[in-house]
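Everything below concerns the one structure shown next.
Residue numbers start from 1 in every chain, and the chains themselves are labelled A, B, ... in the order their sequence lines are given, proteins ahead of strands.
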Amino acid sequence: MKKLIHKPSLLIALLIVTASCSQIIDIDIPEHEPMWTFNGNICAGEIFYELENSNQNFRIFNYFISQTTIGDDIPNVLSLSKSIPISNRKSNHTFYDDGELFIFQGDNLVETPPSSVDNSFNPRPRYLSELDYEPEKTYRFKMIANDDTELSATQTIPKKVEPRNVRVNESSSETIVHFTIDDPLETNHYLFQCHEIHYYSSGNTSGYSHGQQEFNITSPNFFWYYEDFDFLEEGNQYQFTGVLSDADFNGQSHEIEMRINKNTHQQGMYQNKKIVIEISSMSFDMHRYFQSYAQTIFGFSPFSEPAILNFNVENGLGAVVAVTTTFLEIEIEL
Amino acid sequence: MTKFYLTMTLLIAVMSTFGQSITISGFVEDAESAERLIGVNVFLVEGRRGTVTNNFGFFSLTIPQNEAQIRFSYVGFDAVDITVKKDTFIAVLPMKLSDTDLERVTVSSTASRAEQTQMSSVNIDIKQVKKIPALFGEIDILRTLQFLPGVQSGNEGNIGLYVRGGGPDQNLILIDGVPVYNVSHLFGFYSVFNADAIKSAELIKGGFPARFGGRLSSVLDITMKDGDMKRFRGEGSIGLISSKLTLEGPLVKDKTSFMISGRRTYIDALAQPFIAMAEPGTRAGYFFGDFNIKVNHKFSDKDRVYASYFFNTDKFYFRFEDAFNDSRANLNWGNNVASVRWSHLFSSKLFMNVTATYTRYEWGSRVQDRDNDIDIALRLRSNIEDYGFKSDFEYHPNSQNHLRFGTNYIRHNFRPSIFQFTVQEFNQVEEDVLNLAEQFISDEAALYVENDQIITDRIKVNYGLHYNFYRIRDTYYQSLQPRVSGRYLLDSQSSIKLSFARMQQFLHLLSSNNGIGLPSDLWVPATEMIPPMMADQVALGWIRTFKENTYEVSVEGFYKHMSDLIEYRAGSAFINPNDWQSRVETGGTGWVYGGEVFLQKRTGDFTGWVGYTLSWNNRQFANLNNGNVYPYRFDRRHDVSVVMTYDITKKIDVSATWVYGTGIATNIPLYYVSTQNPQFGEQSSIAQFGDLNSFRFPAYHRGDISINFHKKKKKHERTWNISIYNVYNRLNAFFIFDEVQPNGDVKFRQVALFPILPSVSYRIAF
């Protein structure tokens, strides 16, 4: 022992080698049993905004609508699939068309949407609901899978926002829009987007297009689902979608002040003097799902907290959630 | 405040009118160094009355008789018996260290812990700490605390304390009465406390007396050595990764003394040549260090002033440079803690201590990268700074009561996060984002009064109230926190104890749940939007001592309910520059309950203990885990620890430890689910964790052994320590990650940080 101690250099070398060998070993995790997954975005209210007096039939579509289904009738899309164990990463989800979908309003069966492939760009089997969903009515969506598993979700379609007392003030740097909404008793969250429409002309092509505008709403319950990380992600598509909780004005009238940054207006807007505000009233389930979705998507960094999707389907995975959308057209000063 | 003192004066006057008795009071010191001794048992040889010396070595014992034999006993010291016949003040009662051989055959009689009202507490024997095996031979007091039941560790190697299910932020860690906000060195593998500079440490896990407040889960009260009043002495050690030196001695003999202690690692110096060889152009390193200094002066037998300062720092740096690139990164953190204390004895029954305090914790990081003409820099910083003042009084009016009361005021100054991101191209600033997070200044004040009262020979109760007031801008919070603990003596060696404590905490630690182990947690205040946390804890226990306190066994059950907890919002990241208040979930609830068993052998050649904890630890937040209850990350169903020390001869002692714990909870993706993207309603596939914290690391267990060879020389004593950490090379998981295999399959793998690690260190004391 004494000899060993008196050879510290040998000992230190041995210790450094030993200490530096952190090891990696395989571990087993419990295998996930695939679960039925039932999804659907139910959109009511205005499906699109159409530019008036336009010969070109220019449209801005509802933020939530499935754009692969856009046609003359624009149905709502629901789907049935199964989850995949994480170890089976290379597999794609299978979408099932042999389930049976029943939609009830109250106790009344109002639709049994058939499965179909909506277009060649999206050849997945889906269930297309042609029902004209009425705000403030409650619907139950029941899906029976091929093994008789019954999945269900219930949604009350949010009340359509009817902005009133609309006022516009202009300053050199901002367009300030005030309007009042009447909030129903249910817990809602309002998602806002601001569009400007501009005319473009380049070579032989010309027409209308639109861009999204930065804005802020001066209310303590206003927030963004997606954290403002735009210095890392130039042109983040989500940075123009703000959300207002009705926690402070549930069941009451509420005046909203929306400040739109003029410095980011595109040149084309001045030719049309128009901005379009899109207001979507979301059910509480939609808010919880959307927020968790944003957190999951955002959680890209190793420093991010774990995020879990908030589902509302009973007896399975998935979210069947609802929104009602309104477009508000604003004339502004040049 | 004036009303409070008037009320206390009146109460003292009333209590002083109790019947005839004699009072013995004074200070107890180590005869060799004149260091005041804390926790010395002072008790009637015949009878059940007794007390213990406080943090300043003071005691006062009033007895309802005209003559009594009083015994002073302290583990490791010879007991002292004195007979008193009238009121007696002992300016200095010296106690001598036991002769080791004698101690082995003679067990000193001490007062039984069964007789104390305080439950769920433990005093740490610093000498035993120095015998226990240590990681790289670096003795650590917090690592020893992790061997106690009810105290759990975090990740592999981490010294964070999770006491009865609370987080590390819920521990009030005091050094000479001043809070220390971050106690970790080397990303949590070591604590900032240098064992050579510490005189005593007491951990309270529940049944908190009213004098403590401000944290939910525990109080760790550490006292630095005062410094030898008699002679100059020193202690030092050389280890594999660090060296330390402590010096103490009289500045004016028997009047003024000092203690100074420093420690520094040399990982950077050892690693530098290898890094330079492996990566030319690269400089990288890491070191930590700490420094303690304390001076105390005795103005009279009744007045003493202590001034202490504690500083620690950790620094990691990296630089790579060539003709086109210059990349730099650094990360540093540390505390500055200072206090000045004045203790004064008004009379044999009334003792006072007033303290002025200062503490600051700061961490910062800077990453800079220059690639040709583009220069990108990212800077992060966070700090908390407190100024405080407190007064504590102890009054011993009669043989039945021991009254304590006092005040505490702290001004907190928070800068939770400072963020700067700069991009320069051809020396022109392209982007400069500076987010000077809002500064928060808050005031926290407390008043307390508690009484330790003997009701009957069998029943003794400690009861009190702690009143807290907190202000931040125009928002005020206040609370009245009742505290009560009592014991019922079954016989002279055993008792049943019961306690209840309500605690409130006005600061939060925003901790990342991803377990990355960086010192990036942010201290943030309770604000208008984020209310303070509250906890109620009830505990019931049984304790019994055997063979004149040589053996002790205790069983405790506890239930703790916590409210207004906060957590980072799902998906958010601490490096985000946004306002921290928008990144947290508030209104969380926590429940912890379980039982603890502790079996200890306190004296003799063979000492040690076995501890076992069975507990459940859950959390619930409206916006996390679908609003459902989920296990806390450090929920451990079973936790076992065994500590054994054996003195083979006077020159050789061996020790061994073993720990076992249920694997901590974590999140790993379990499956892919098809989702409907809320935007455009498109389908996408997202990996899901299942429920929050639903996956468990494999169980953790580890055994360590060490051997000490002591040799006394003419003027010094040297000790060689050989330790083996993780002696049977258990590969415990530090973190788990998923890896895509070439065939597309996903495999999960775990990284084990510490395999078997032998180490050697050399200590010298003179």
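Put simply, the side chain of A/Glu33 does not reach to within 4.5 Å of the side chain of B/Tyr671, judged on heavy atoms.
Distance check, rounded to the nearest 0.5 Å: CZ of A/Phe38 to CD of B/Gln676 gives 10.0 Å. Atom OG of B/Ser685 and atom CD1 of A/Ile84 lie 5.5 Å apart (nearest 0.5 Å). Rounding to the nearest 0.5 angstrom, the gap separating the CD1 atom in B/Ile686 from the OG atom in A/Ser83 is 13.5 Å.
Contact of B/Tyr762 with chain A is not made at all, since no heavy-atom distance falls under 4.5 Å. Contact annotation for B/Ile668: only side-chain heavy atoms (C-beta onward) come within less than 4.5 Å of a heavy atom of chain A. Interface remark: B/Gln688 contributes side-chain atoms only to the contact with chain A (heavy atom separation under 4.5 Å). Looking at A/Phe64, both its backbone and its side chain come within 4.5 Å of chain B, counting heavy atoms on both sides. In this structure, the portions of A/Ser87 lying under 4.5 Å from any heavy atom of chain B include both its backbone and its side chain. Heavy-atom distances place the side chain of B/Ile736, and not its backbone, under 4.5 Å from chain A. Interface remark: A/Phe95 contributes side-chain atoms only to the contact with chain B (heavy atom separation under 4.5 Å).
With chain B as partner, the option from A/Gly318, A/Gly40, A/Ser292 having the largest number of non-hydrogen pairs under 4.5 angstrom is A/Gly40.
Among all heavy-atom pairs drawn from B/Ala687 and A/Ile86, the shortest one is CB-CD1, 4.0 Å. Annotation for B/Asn626 and A/Arg288: closest pair OD1-NH2, 2.9 Å, computed over non-hydrogen atoms. Nearest heavy atom pair, residue B/Val673 against residue A/Leu309, reads CG1-CD1, 4.0 Å. Closest approach of B/Leu692 to A/Pro306, counting heavy atoms only: CD1-CG, 4.0 Å. A/Tyr289 and B/Asn677 make their closest contact through OH-N, 4.4 Å (heavy atoms, listed as atom of the first residue, atom of the second, distance).
The main-chain N or O of A/His93 is never found under 3.5 Å from a side-chain atom of B/Tyr672 such that the two would form a donor-acceptor pair. Side-chain atoms of A/Asn39 come within 3.5 Å of backbone N or O of B/Ser674 as a donor-acceptor pair.
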